[in-house]
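Residue numbers begin at 1 in each chain, while the letters A, B, ... track the order of the sequences. If you're wondering where the values come from, they're calculated on a predicted model, not measured in any experiment.
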There are 2 protein chains.
Amino acid sequence: MERPTPRQRRQAATRRALAEHALRLFAERGYEATTVADIADAADVSTRTFFRHVPDKDEAMFAADEDVFALVVEAAAAAPPGTAPLARLLHGVRALAGSAEQDGEVKCARERVLEENPVLRARDLAQQLRWQQQAEAFLRRQGVAADEASLAAGLLLTVWRESYRRWIAASAAPGALGELLDAVVAELPGHLPAPARRARAVGR
Amino acid sequence: MERPTPRQRRQAATRRALAEHALRLFAERGYEATTVADIADAADVSTRTFFRHVPDKDEAMFAADEDVFALVVEAAAAAPPGTAPLARLLHGVRALAGSAEQDGEVKCARERVLEENPVLRARDLAQQLRWQQQAEAFLRRQGVAADEASLAAGLLLTVWRESYRRWIAASAAPGALGELLDAVVAELPGHLPAPARRARAVGR
DNA sequence: CGTCGATGTGTCACGGTGTGCCACTTCGGC
DNA sequence: GCCGAAGTGGCACACCGTGACACATCGACG
């Protein structure tokens with residue numbers, strides 16, 4: 001793979017600095033009360049340069065964790081063949097859980113900022129939708145039918161969001177996300193409306 | 001219930017007019033290329049008045065369907081007692097389906113605009129999240145445990161989104177949304193990872 | 001070492017978004 | 001018909017985001 005040019009290193013450093021200062025200022029004085037000029041000043045660049053590294057003021061916070069979902073697809077592809085769609089995705093998402101558990105502190109702070117800023121929350125949701133679409137596309141590549149893949153990807157996201165929510169609520173204890181994931185999956189059957197009805201044998 | 005004052009009627013009419021012209025202009029010339037002044041001019045008000053009725057430019061499109069979800073809660077409350085949480089919500093969401101099926105044309109246009117405007121899509125997702133939270137709160141009021149209510153609300157949203165997606169893909173045929181809702185629910189058991197495993201008998 | 005070209009940065013100007021303030025009109029109640 | 005309340009428009013203003021131009025920095029090459 002290509003080694004990073006000194007230029008690229010400088011560029012990445014600037015972007016990371018902007019992202020850090022953005023999250024810090026948003027947490028300190030709120031999203032609305034923080035201007036782009038504030039973030040740029042904190043990172044010691046002009047506002048014009050800010051927009052050369054970050055597309056929007058919103059995106060400043062998310063500039064770091066862009067393509068984390070590649071992990072999921074990679075791990076999901078390693079699942080044994082013949083696994084049902086949702087189970088395959090779950091196999092992949094465990095890798096994401098392991099990655100997220102590394103820094104529960106930051107995730108909690110992030111969640112606190114998202115909670116009281118509808119704009120940033122919307123941005124977060126949009127990224128989750130992109131994840132769902134990537135999961136669906138992955139299943140399609142594996143030969144799963146369109147409707148089935150879409151529903152499975154939707155279910156995955158629901159399971160993930162519920163597990164993540166409980167994890168944050170439990171102060172992001174290290175190592176607990178994986179267990180919560182299993183717990184939520186175990187609860188799914190209890191939510192089915194008509195368990196006695198014909199199961200329509202979709203699973204292969 | 002309180003009868004609408006003439007003033008409130010005027011106000012609602014203005015807001016509806018703004019929403020209609022916003023959707024039309026967004027569809028015609030795109031979101032970016034449409035200014036607030038354009039929408040305001042089309043509705044024959046000043047830009048200042050625009051912002052008195054609509055909080056953001058983004059919100060213009062959604063100004064109309066704000067408290068549609070009240071329908072869902074109302075219908076869900078009418079479900080027979082003893083119904084499982086998700087089934088109760090589904091009972092309510094059928095009312096929403098009936099309402100949406102009235103104007104499939106508009107829903108299709110709306111979806112087309114959302115598809116190519118990340119900002120508006122994010123706004124749409126944020127509103128869906130509010131719906132989920134309202135559904136959860138409703139279940140809590142009915143005495144459902146916190147975690148169970150949250151998961152059930154999440155599942156409801158997934159089922160709704162998947163059904164709605166298929167409905168739009170099928171050109172929003174009138175009357176088909178309800179059937180698709182049932183079809184998606186019927187597919188759920190097939191997505192469960194371990195159907196033979198102990199079902200943990202949560203449903204009462 | 002000096003020059004050239006590429007890239008990053010700053011400054012300026014501009015259109016669009018969203019809000020506070022004040023004056024004006026309009027509408028409902030007396 | 002009068003008066004208070006609410007909606008409306010116009011103005012000024014801060015912030016967001018972009019295009020254009022000039023300058024600084026750094027690597028390549030003779």
Side-chain angles (χ1 to χ4, degrees), chain A residues 2-19 21-23 25-26 28-63 113 116-123 126, chain B residues 2-19 21-26 28-63 66 113 116-123 126:
Chain A
E2 68 288 343
R3 55 187 174 179
T5 318
R7 288 218 147 107
Q8 291 174 328
R9 295 192 58 81
R10 267 185 59 84
Q11 206 169 333
T14 305
R15 181 156 45 234
R16 222 178 321 113
L18 284 172
H21 284 114
L23 177 56
L25 290 172
F26 288 170
E28 279 179 14
R29 60 177 90 164
Y31 171 77
E32 300 286 350
T34 306
T35 70
V36 171
D38 293 335
I39 305 174
D41 283 353
D44 209 50
V45 295
S46 73
T47 65
R48 191 65 189 87
T49 301
F50 173 93
F51 286 111
R52 285 206 181 87
H53 289 279
V54 181
D56 296 321
K57 176 185 174 185
D58 312 354
E59 199 74 8
M61 242 185 72
F62 302 92
V113 172
E116 54 194 16
N117 291 106
V119 183
L120 297 177
R121 171 63 76 188
R123 196 69 150 218
Chain B
E2 67 288 345
R3 55 188 174 180
T5 318
R7 286 216 148 109
Q8 291 175 328
R9 295 192 59 81
R10 265 185 60 85
Q11 206 168 333
T14 306
R15 181 155 47 234
R16 220 177 322 113
L18 285 171
H21 284 114
L23 177 57
R24 183 176 58 79
L25 290 172
F26 289 169
E28 279 179 15
R29 60 177 88 163
Y31 171 76
E32 300 286 350
T34 305
T35 70
V36 171
D38 293 336
I39 306 173
D41 283 352
D44 208 49
V45 294
S46 72
T47 64
R48 191 66 191 85
T49 300
F50 173 93
F51 285 110
R52 284 208 181 86
H53 289 278
V54 182
D56 297 321
K57 176 185 172 185
D58 312 354
E59 200 75 10
M61 243 185 71
F62 305 92
E66 263 180 355
V113 171
E116 54 193 17
N117 289 107
V119 183
L120 297 178
R121 171 64 77 188
R123 196 67 151 218

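- For the pair A:D58 CG and D:dC15 P, the interatomic distance rounds to 17 Å; values are reported in whole Å.
- One atom, NZ of A:K57, and another, P of D:dG17, lie 8 Å apart when rounded to the nearest Å.
- Between B:P55 and B:E59, the shortest heavy-atom contact is CG-CG, 3.7 Å.
- Minimum interatomic distance between A:F50 and A:V45 (heavy atoms only, all atoms of both residues): N-CG2, 4.5 Å.
- A:L25 and A:A42 get closest at one heavy-atom pair: CD1-CB, 4.3 Å.
- Taking CD1 of B:I39 as the reference point, atom CZ of B:F26 lies at 4.0 Å (rounded to 0.5 Å).
- Annotation: proximity of residues 36-52 of chain A to DNA chain D (heavy atom, distance under 4.0 Å) is found for A:V36, A:R48, A:F51, A:R52, numbered in ascending order.
- When the P atom of C:dG16 is taken as reference, atom CG of A:D56 falls 18 Å away, rounded to whole Å.
- Contact record, A:T34 with A:K57: O-NZ, 2.7 Å, taken as the closest heavy-atom pair.
- Rounded to whole Å, atom P of D:dC15 lies 15 Å from atom CG of A:L25.
- In terms of heavy-atom proximity, B:D38 sits nearest to B:A33 at OD2-O, 4.0 Å.
- Between C:dG8 and A:H53, no contact under 4.0 Å exists linking OP1 or OP2 to a side-chain N or O.
- When the local axes at the two ends of the helix from C:dC1-D:dG30 to C:dC30-D:dG1 are compared, using 5 base pairs at each end, they differ in direction by 10° after rounding to 10°.
- Taking atom OH of B:Y31 as the reference point, atom P of C:dT17 lies 8 Å away to the nearest angstrom.
- When every heavy atom of A:D58 is checked against every heavy atom of A:L120, the shortest pair comes out as O-CD2, 3.9 Å.
- Taken to the nearest 0.5 Å, the CG atom of B:L18 stands 14.0 Å off from the CE atom of B:M61.
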